[in-house]
Amino acid sequence: MLINLISALWITCAACSETVVIDSVAYPVPEQWCGKMIDSTQIADKTKLVRLPEQYCYQDWGIYLERNTRDALVAMAETAAKDSIQIIVYSGYRSREYQEHLIKKRLDTGKDITNILLMVAPPGYSEHETGRAVDLVHTGTQFAESPIYLWLKKHAAAWGFVETYPNDSTNTIYWEPWHWYYRGKPDK
Ligand SMILES: [Zn+2]
């Protein structure tokens with residue numbers, strides 16, 4: 001009895017109590033995203049986003065970022081270019097609504113929500129909603145073997161960029177070597 005009670009309590013505590021609503025349906029937040037909801041104070045003010053210059057954007061897509069992130073990214077990309085490294089951004093700011101739309105599109109093709117959320121953050125959990133995250137043009141995890149990635153591993157921290165979902169034991173989310181987040185310039 002006591003053991004049953006303890007195990008029931010343990011299961012309750014271990015499961016994530018967070019839910020996320022997609023297309024009016026509430027889904028439990030998978031374990032790997034549990035506790036990782038973006039703080040509301042970090043969500044970008046849409047009216048203050050600035051456009052990334054076209055030479056750093058994939059094709060002619062309009063990519064918007066929080067101003068300090070844009071400035072740091074441009075400065076980093078200019079320096080990288082001197083080392084013959086071309087930094088091209090595929091995705092920057094995305095609204096919560098757009099994140100929901102991305103998931104809904106995948107649900108509509110018959111994909112399972114658990115599988116979708118392995119690769120795509122639930123709405124409210126994506127760093128892209130802060131305007132401080134970028135996805136660089138990549139070809140899957142092969143990107144991790146590219147000179148761009150090796151350059152970033154060496155230099156990005158000095159420009160205030162960190163790899164949010166690295167390939168190590170501290171990370172419960174699928175490895176995304178192309179995803180970088182602007183944490184701010186380190187103190188000199
Ligand atoms: Zn990303």
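In listed order, ligands and their atoms are each counted from 1. Numbers here are sequence positions counted from 1. If you're wondering where the values come from, they're calculated on a predicted model, not measured in any experiment.
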Engineer: Given His138, which of Trp180, Trp178, Trp175 fulfils the ring-ring contact (aromatic ring centres under 6.0 Å, His included) condition?
Structural biologist: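 It is Trp178, the one option of Trp180, Trp178, Trp175 that forms the ring-ring contact (aromatic ring centres under 6.0 Å, His included) with His138.
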
Engineer: Applying salt bridge (Lys or Arg N to Asp or Glu O under 4.0 Å), can you list everything that pairs with Glu163, at least two apart in sequence or on another chain?
Structural biologist: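 For Glu163 the salt bridge (Lys or Arg N to Asp or Glu O under 4.0 Å) partners, ignoring immediate neighbours, are Lys153.
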
Engineer: What distance separates Leu152 CG from Ile148 CD1, expressed to the nearest 0.5 Å?
Structural biologist: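 The CD1 atom of Ile148 is 7.5 Å from CG of Leu152, to the nearest 0.5 Å.
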
Engineer: Only N/O/S atoms count here: what is the atom of His128 closest to the Zn ion (ligand 1) called?
Structural biologist: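 Restricting His128 to its N, O and S atoms, the minimum distance to the Zn ion (ligand 1) goes to NE2.
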
Engineer: So, is Asp135 placed with an N/O/S atom under 2.8 Å from the Zn ion (ligand 1), counting both backbone and side chain?
Structural biologist: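 Short answer: yes, at least one N, O or S atom is under the cut-off.
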
Engineer: With carbon and hydrogen excluded and only N/O/S kept, which atom of His179 is nearest the Zn ion (ligand 1)?
Structural biologist: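 Atom name returned: ND1.
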
Engineer: Tell me, please, which residues at least two apart from Val74 pass side-chain contact (heavy atoms from CB on, under 4.5 Å).
Structural biologist: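 For Val74, the residues satisfying side-chain contact (heavy atoms from CB on, under 4.5 Å) (neighbours in sequence not counted) are Leu52, Pro53, Tyr56, Arg70, Glu78.
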
